[in-house]
Amino acid sequence: MQIYSFLFKWKKNCQPIFKKNVSLQSVRTMYVCSNQLVAGLEKTKKKCMSQIENKLEISRLLRNWYQKHKRELPWRESSDPYIIWISEIILQQTRVAQGMDYFLRFTGRFPDVASLASAEEDEVLKYWQGLGYYSRARNLHAAAKDIMERFGGVFPQHYKDVISLKGIGEYTAAAIVSFVWNQPYPVVDGNVFRVLSRLFAVDTPIDTPKGKKAFTELAGVVMDPEYAGWHNQAIMELGALQCVPQNPDCGVCPLKERCMAYGAGTVQSYPVKQNKTKTRDRYFHYLYINYKGKTWLSRRKGKDIWEGLYEFPLIETDRAVDFAGLQETDAFRRLFAGAGKLDVSVGLSGVKHVLSHQILYATFYRIEIERENEALQSFLSVPVEELDKYAVPRLIHIYLEKLE
DNA sequence: AATACGGGGTT
DNA sequence: AACCCAGTATT
């Protein structure tokens with residue numbers, strides 16, 4: 001029973017990092033889980049003491065490793081919550097190398113909350129062009145306005161206020177308050193899932209609410225709350241550089257003696273995932289319509305890909321069709337009714353564009369018309385040389401590059 | 001609980 | 001082709 005009183009004390013120390021009160025049993029499970037020497041635990045308080053040392057030792061090893069191996073990144077030079085915020089949003093589901101230029105350009109143009117809040121959404125999207133997950137940019141913009149109104153333009157410090165902002169979830173809120181103010185909230189991102197699942201050989205699927213909860217608790221247990229920010233960066237960096245998804249070089253890992261998966265030779269089988277994403281095929285026919293140096297665009301609206309971005313008039317079919325087939329569609333006939341004779345050429349055909357849940361097969365037609373007709377009124381008329389002012393999806397950009 | 005949301009890199 | 005990336009919001 002001695003062990004329980006000790007665990008209780010331990011739990012009390014760690015309590016601030018848990019959002020809800022957790023049961024003693026749950027703490028014990030985590031505690032046992034957070035150490036390899038599961039069998040030795042039930043013995044003495046002294047033994048237990050050394051295990052606690054072990055727990056802190058993991059955090060210490062991570063931080064030491066981090067000091068030696070961390071990358072120099074621009075946002076790591078800053079302690080401005082705004083800068084950290086921007087970097088975290090850009091880095092969601094995005095590699096550092098891919099987001100770097102965007103970060104520099106974005107913070108150059110929008111150096112603080114006020115400048116972002118007062119910008120037009122179209123300009124914010126333009127700065128996001130090509131990065132993907134465009135709701136991040138729209139939410140960033142909305143959140144900046146929100147900060148102006150609700151917090152007087154000052155970035156909030158309380159976790160509950162931070163997470164109340166659009167586009168900021170558990171991970172990003174924890175990252176901001178721990179990096180900037182060293183608040184003891186554990187971060188749980190793809191890296192942390194991987195490191196922890198291997199370190200403690202946890203086979204709970206990470207892509208379920210249950211898995212997320214379990215790993216968040218475990219992350220809180222492993223973290224030394226006194227060095228929360230440092231620890232959080234360290235464990236993510238380890239996942240990014242050392243404990244990589246495939247073929248990690250475990251021989252040089254600072255945690256190899258403590259890694260249960262490494263000990264069992266099962267590193268490759270972690271983390272466990274349950275849901276496989278399924279994709280669907282779509283067939284896009286873009287119409288680059290020309291008349292007196294002008295063309296036409298439309299702004300995509302909600303509940304589909306690329307919300308807020310611009311594109312050429314689009315006809316989507318449910319199967320692959322050639323131009324003859326396209327001409328027969330109602331959409332095509334309506335669009336060109338009264339436009340006179342069409343001079344059609346194929347700009348790009350059979351472009352395959354892969355998204356996370358869709359595979360797009362796109363063809364671009366360049367169509368000269370004789371007259372502006374009624375149907376074109378519902379589109380935005382744009383001088384051809386001003387096309388680059390509009391934020392467009394990567395797929396459209398590929399075609400624009402070819403036009404030059 | 002499951003799925004949608006981009007684009008690019010690695011193996 | 002499959003998997004993953006400093007995840008979040010919606011259904």
Side-chain angles (χ1 to χ4, degrees), chain A residues 66 70-71 73-76 84-103 125 128-140 142-143 162-176 178-179 186-195 205-213 215-216 219 229 231-241 243-248 268-280 282 300 302-309 352-360 391-398:
Chain A
Y66 179 68
K70 72 170 185 172
R71 294 165 288 183
L73 301 171
W75 45 89
R76 287 191 174 148
I84 303 301
W85 173 41
I86 302 300
S87 73
E88 289 304 333
I89 300 297
I90 287 177
L91 266 31
Q92 284 170 8
Q93 297 294 285
T94 305
R95 286 162 199 277
V96 167
Q98 190 188 354
M100 179 67 77
D101 288 345
Y102 284 89
F103 170 81
L125 280 170
W128 212 265
Q129 173 175 309
L131 238 200
Y133 285 161
Y134 299 95
S135 66
R136 291 184 292 176
R138 298 194 313 272
N139 286 337
L140 211 46
V162 174
I163 204 173
S164 76
L165 295 167
K166 271 191 174 180
I168 297 187
E170 275 187 48
Y171 163 77
T172 305
I176 292 171
S178 72
F179 295 177
V187 293
V188 183
D189 71 335
N191 294 305
V192 175
F193 276 124
R194 193 167 52 252
V195 170
I206 63 170
D207 54 352
T208 60
K210 189 178 165 187
K212 196 176 177 194
K213 188 167 179 293
F215 280 95
T216 302
H231 167 94
N232 280 340
Q233 304 222 42
I235 192 170
M236 286 194 288
E237 192 79 337
L238 187 85
L241 300 181
C243 195
V244 292
Q246 292 160 54
N247 308 323
Q268 290 287 7
S269 53
Y270 297 97
V272 174
K273 285 199 175 179
Q274 184 173 88
N275 299 320
K276 0 180 194 279
T277 62
K278 38 194 162 184
T279 62
R280 67 180 168 123
R282 298 177 76 174
R300 288 188 69 92
K303 219 155 188 263
D304 199 347
I305 56 176
W306 302 331
E307 180 181 351
L309 271 61
K352 182 178 175 182
H353 192 73
V354 179
L355 306 182
S356 54
H357 288 73
Q358 303 179 16
I359 300 178
L360 310 179
V392 298
R394 177 75 184 131
L395 176 59
I396 300 289
H397 195 251
I398 289 169

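The chains referred to below are lettered A, B, ... by the order of the sequence lines, with proteins before strands, and numbering in each begins at 1. This one's a predicted model, so the numbers in the text were calculated from it and none came from an experiment.
A/K278 has a side-chain polar atom (N or O) that falls below the 4.0 Å cut-off from OP1 or OP2 of B/dT3. Within the 4.0 Å cut-off from OP1 or OP2 of C/dG7, at least one side-chain nitrogen or oxygen of A/Q93 is found. Contact annotation: A/Q358 does not reach the phosphate of B/dA4 (side-chain N/O to OP1 or OP2, under 4.0 Å). One finds no side-chain N or O of A/W75 lying less than 4.0 angstrom from the OP1 or OP2 phosphate oxygen of C/dA6. OP1 or OP2 of B/dA2 has not a single side-chain nitrogen or oxygen of A/T208 nearer than 4.0 Å.
Pairing each heavy atom of A/R138 with each of A/L125, the nearest pair is CG-CD2, 4.1 Å.
For the residue pair A/E307 and A/S135, no side-chain donor N or O sits within less than 3.5 Å of a side-chain acceptor on the partner.
Of all nucleotides listed (C/dC5, C/dA6, B/dG6), C/dA6 comes nearest to the side chain of A/R76. The nucleotide whose nearest atom lies closest to any side-chain atom of A/Y134 is, among B/dG6, C/dA6, B/dA2, B/dG6. Side-chain atoms of A/Y171 lie closest to C/dT8 of the nucleotides B/dT11, C/dT8, C/dT11. Closest to the A/S356 side chain, of the nucleotides C/dT8, B/dC5, C/dA6, is B/dC5. Checked against B/dG6, B/dG7, C/dA6, the side chain of A/R394 finds its nearest nucleotide in B/dG7. Of the candidate nucleotides B/dA2, C/dG7, C/dT11, C/dG7 has the atom lying nearest to any side-chain atom of A/Q92. If you check C/dT11, B/dC5, C/dC4 against the side chain of A/K273, the one that comes closest is C/dC4. For A/Q246, taking side-chain heavy atoms from C-beta onward, the closest of the listed nucleotides B/dG6, B/dT3, C/dC3 is C/dC3. For A/N275, counting side-chain heavy atoms from C-beta on, the closest listed nucleotide (C/dC4, C/dG7, B/dT3) is B/dT3.
Proximity of a side-chain donor or acceptor of A/D207 to a complementary backbone N or O of A/N275 within less than 3.5 Å is detected.
For B/dG7, its base never sits under 3.5 Å from the side chain of A/T94 at any donor and acceptor pair. Residue A/Y133 places a side-chain atom within donor-acceptor reach of the base of B/dG6, judged by atom type and a 3.5 Å distance cut-off alone. The base of B/dC5 is not paired with the side chain of A/R136 by any donor and acceptor separated by under 3.5 Å. Taking only distance into account, the side chain of A/Q98 meets the base of B/dG7 through a donor-acceptor pair shorter than 3.5 Å.
As rounded to the nearest Å, B/dT3 and C/dA6 have C1' atoms that lie 22 Å from one another.
Between the NE2 atom of A/H357 and the C1' atom of B/dG7 there is a distance of 14 Å, given to the nearest Å.
As judged by a 4.0 angstrom heavy-atom cut-off over every strand, A/W128 is placed among residues making no nucleic acid contact. When heavy atoms are screened at a 4.0 angstrom cut-off, A/D207 is found touching no nucleic acid atom at all. Backbone-only engagement by A/Q274 is indicated by non-hydrogen atom pairs under 4.0 Å involving sugar-phosphate atoms exclusively.
You'll find the side chain of A/L238 stays beyond 4.5 Å of the side chain of A/N191, heavy atoms only.
Both A/I168 and A/S87 lie near DNA chain C, and the one whose nearest nucleotide falls closer to the 5' end is A/S87.
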- Where do A/R136 and A/T94 land on the side chain to side chain contact (heavy atoms under 4.5 Å, CB included) test, with the steps shown first? CA-CA 12 Å; A/R136 291 184 292 176; A/T94 305; 3.1 Å; yes

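Under the side chain to side chain contact (heavy atoms under 4.5 Å, CB included) criterion, A/Q246 pairs with no residue, sequence neighbours left out.
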